[in-house]
Structures are given as structure tokens and as C-alpha cells.
Amino acid sequence: MSSHYPPPPPPPRDWEPYFPEPEPEPGPESGPGPEPPAEPLRDGLGTAALVLGLLALLTFWTVAGGAVLGLSALVLGLAGRRRDRRHGMPGSGTALAGTVLGFLGLAGAVLVLSAATVAVESGEFGALRQCLRDAGDGAAVERCVADFGEGLWP
């Protein structure tokens with residue numbers, strides 16, 4: 001015996017789908033619809049300046065981080081402000097904040113570098129170097145370090 005069934009009959013000709021397609025709404029047929037609004041300019045330069053400025057402020061004590069990131073934030077922030085003015089956009093707070101934070105990070109790095117240069121060029125570091133060269137054992141090295149510490153913080 002065969003287990004094949006005959007195929008189902010085709011649907012009737014007046015059959016409609018359960019969810020019919022909606023009828024299009026009548027509208028004016030004189031020309032295309034309204035133009036979509038122009039996409040606003042994004043503030044990518046300002047955002048990048050803000051992020052780099054925050055990083056510069058957090059890493060100013062590493063000099064390289066503060067100087068490189070601060071200078072980058074300063075440049076990007078100024079470029080973002082210039083672009084805003086050129087396109088007639090209202091002032092962007094992120095570009096201004098990035099510029100200020102970048103400047104503060106750069107200034108902090110310059111101050112740390114200046115303080116380190118003054119400290120290294122002082123006579124105390126020269127005396128420490130000479131003492132360490134003349135030290136023969138661990139106890140002498142410890143005395144050199146202790147004398148250096150007393151010379152820095154009387």
C-alpha cells in the first residue's frame with residue numbers, strides 16, 4: 001500500500017490573504033514630499049579635546065603624558081572652536097572645556113619638568129652622586145640616601 005496522499009486543492013480565485021495590504025493614503029500628487037532635515041554637524045573635535053584634556057590633567061605629573069596629551073587637547077579644542085565659528089554654530093562647551101583642560105595639563109607638565117630640573121641641578125644631587133660613587137658597602141649607601149633626604153627636607 002502506498003502512503004502518498006494527493007496534493008491539496010488550490011485556493012479559490014476570490015480568496016484574500018488574512019492580512020491584506022493597506023491602501024495607500026491619498027495625498028497631493030504635485031511633486032515630491034518635504035526634504036528631510038539636514039543632519040547637524042557633530043562635535044567630534046570637541047569631544048576628542050575633552051577626553052585628551054581629562055587624560056592630560058590626570059597624567060600631568062608624567063610630563064610626557066601631560067605635555068603630549070595637553071598639547072593635543074589644546075590644538076583639537078582650538079580647531080573645534082574655529083570650526084564652530086566658521087559654520088555659524090553656537091559655541092560648543094566641549095571644545096572649550098577640552099581647550100582649558102589641555103592647557104591646565106600642559107601647564108602642570110611644564111611646572112613638574114621645571115621643578116625636576118631645578119632639583120637635579122641643585123648641589124644636593126651632585127653631592128648624592130659623589131657620595132654614592134665613594135660608598136663601598138650597603139651601609140654607606142644608606143647613609144648617603146639618609147643625608148640626601150635630610151638635605152632636601154630640613
Side-chain angles (χ1 to χ4, degrees), residues 15-154:
W15 180 77
E16 292 184 18
Y18 187 70
F19 296 108
E21 293 291 320
E23 295 286 326
E25 293 184 21
E29 298 185 25
S30 60
E35 292 186 23
E39 187 172 323
L41 290 175
R42 303 245 192 288
D43 192 22
L45 290 175
T47 303
L50 182 64
V51 169
L52 291 176
L54 281 171
L55 289 174
L57 202 57
L58 293 174
T59 61
F60 76 92
W61 53 272
T62 64
V63 180
V68 171
L69 295 173
L71 187 61
S72 299
L74 194 63
V75 168
L76 288 175
L78 291 173
R81 304 250 320 147
R82 180 176 295 142
R83 188 200 60 194
D84 290 347
R85 279 192 216 117
R86 187 175 42 224
H87 290 290
M89 293 174 52
S92 170
T94 54
L96 178 62
T99 302
V100 170
L101 291 176
F103 175 76
L104 291 175
L106 184 61
V110 167
L111 287 175
V112 167
L113 183 61
S114 300
T117 302
V118 167
V120 168
E121 294 299 322
S122 71
E124 292 296 323
F125 274 95
L128 175 65
R129 257 185 263 131
Q130 184 62 39
C131 182
L132 290 174
R133 271 191 229 127
D134 296 340
D137 60 353
V141 169
E142 287 180 22
R143 270 194 314 274
C144 291
V145 172
D147 290 344
F148 175 70
E150 289 173 7
L152 285 181
W153 298 284

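Keep in mind it's a predicted model, so treat the numbers as computed, not measured.
In this view, Leu58 satisfies the side chain to side chain contact (heavy atoms under 4.5 Å, CB included) rule with no residue, not counting sequence neighbours. Take Asp134 and apply the side chain to side chain donor-acceptor pair (under 3.5 Å) test, not counting sequence neighbours, and it matches Gln130. Under the side chain to side chain contact (heavy atoms under 4.5 Å, CB included) criterion, Ala64 pairs with no residue, sequence neighbours left out.
A distance of 6.0 Å separates CG in Leu52 from CG in Leu76, rounded to the nearest 0.5 Å.
Between Ala95 and Gly80 the shortest heavy-atom distance is CB-C, 4.3 Å. Closest heavy-atom contact between Ala73 and Gly53: CB-N, 3.4 Å. Closest non-hydrogen pair, Ala97 versus Leu50, comes out as CB-CD1, 3.7 Å. Here the shortest heavy-atom pairing between Ala49 and Gly77 reads CB-N, 3.4 Å.
For the disulfide (SG to SG under 2.5 Å) condition, the pairs that include at least one residue of residues 96-139, sequence neighbours left out, are Cys131-Cys144. Screening residues 94-103 for side chain to side chain donor-acceptor pair (under 3.5 Å), with sequence neighbours left out, gives Asp43-Thr94, Ser92-Thr94.
Checked by atom type and distance alone, the side chain of Thr62 pairs as donor or acceptor with a backbone atom of Gly65 at under 3.5 Å.
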What pairs of donor and acceptor atoms, side-chain ones from residues 102-118 against any protein atom, are under 3.5 angstrom apart with sequence neighbours left out?
from	atom 1	to	atom 2	distance (Å)
Ser114	OG	Val110	O	2.8
Thr117	OG1	Leu113	O	2.8

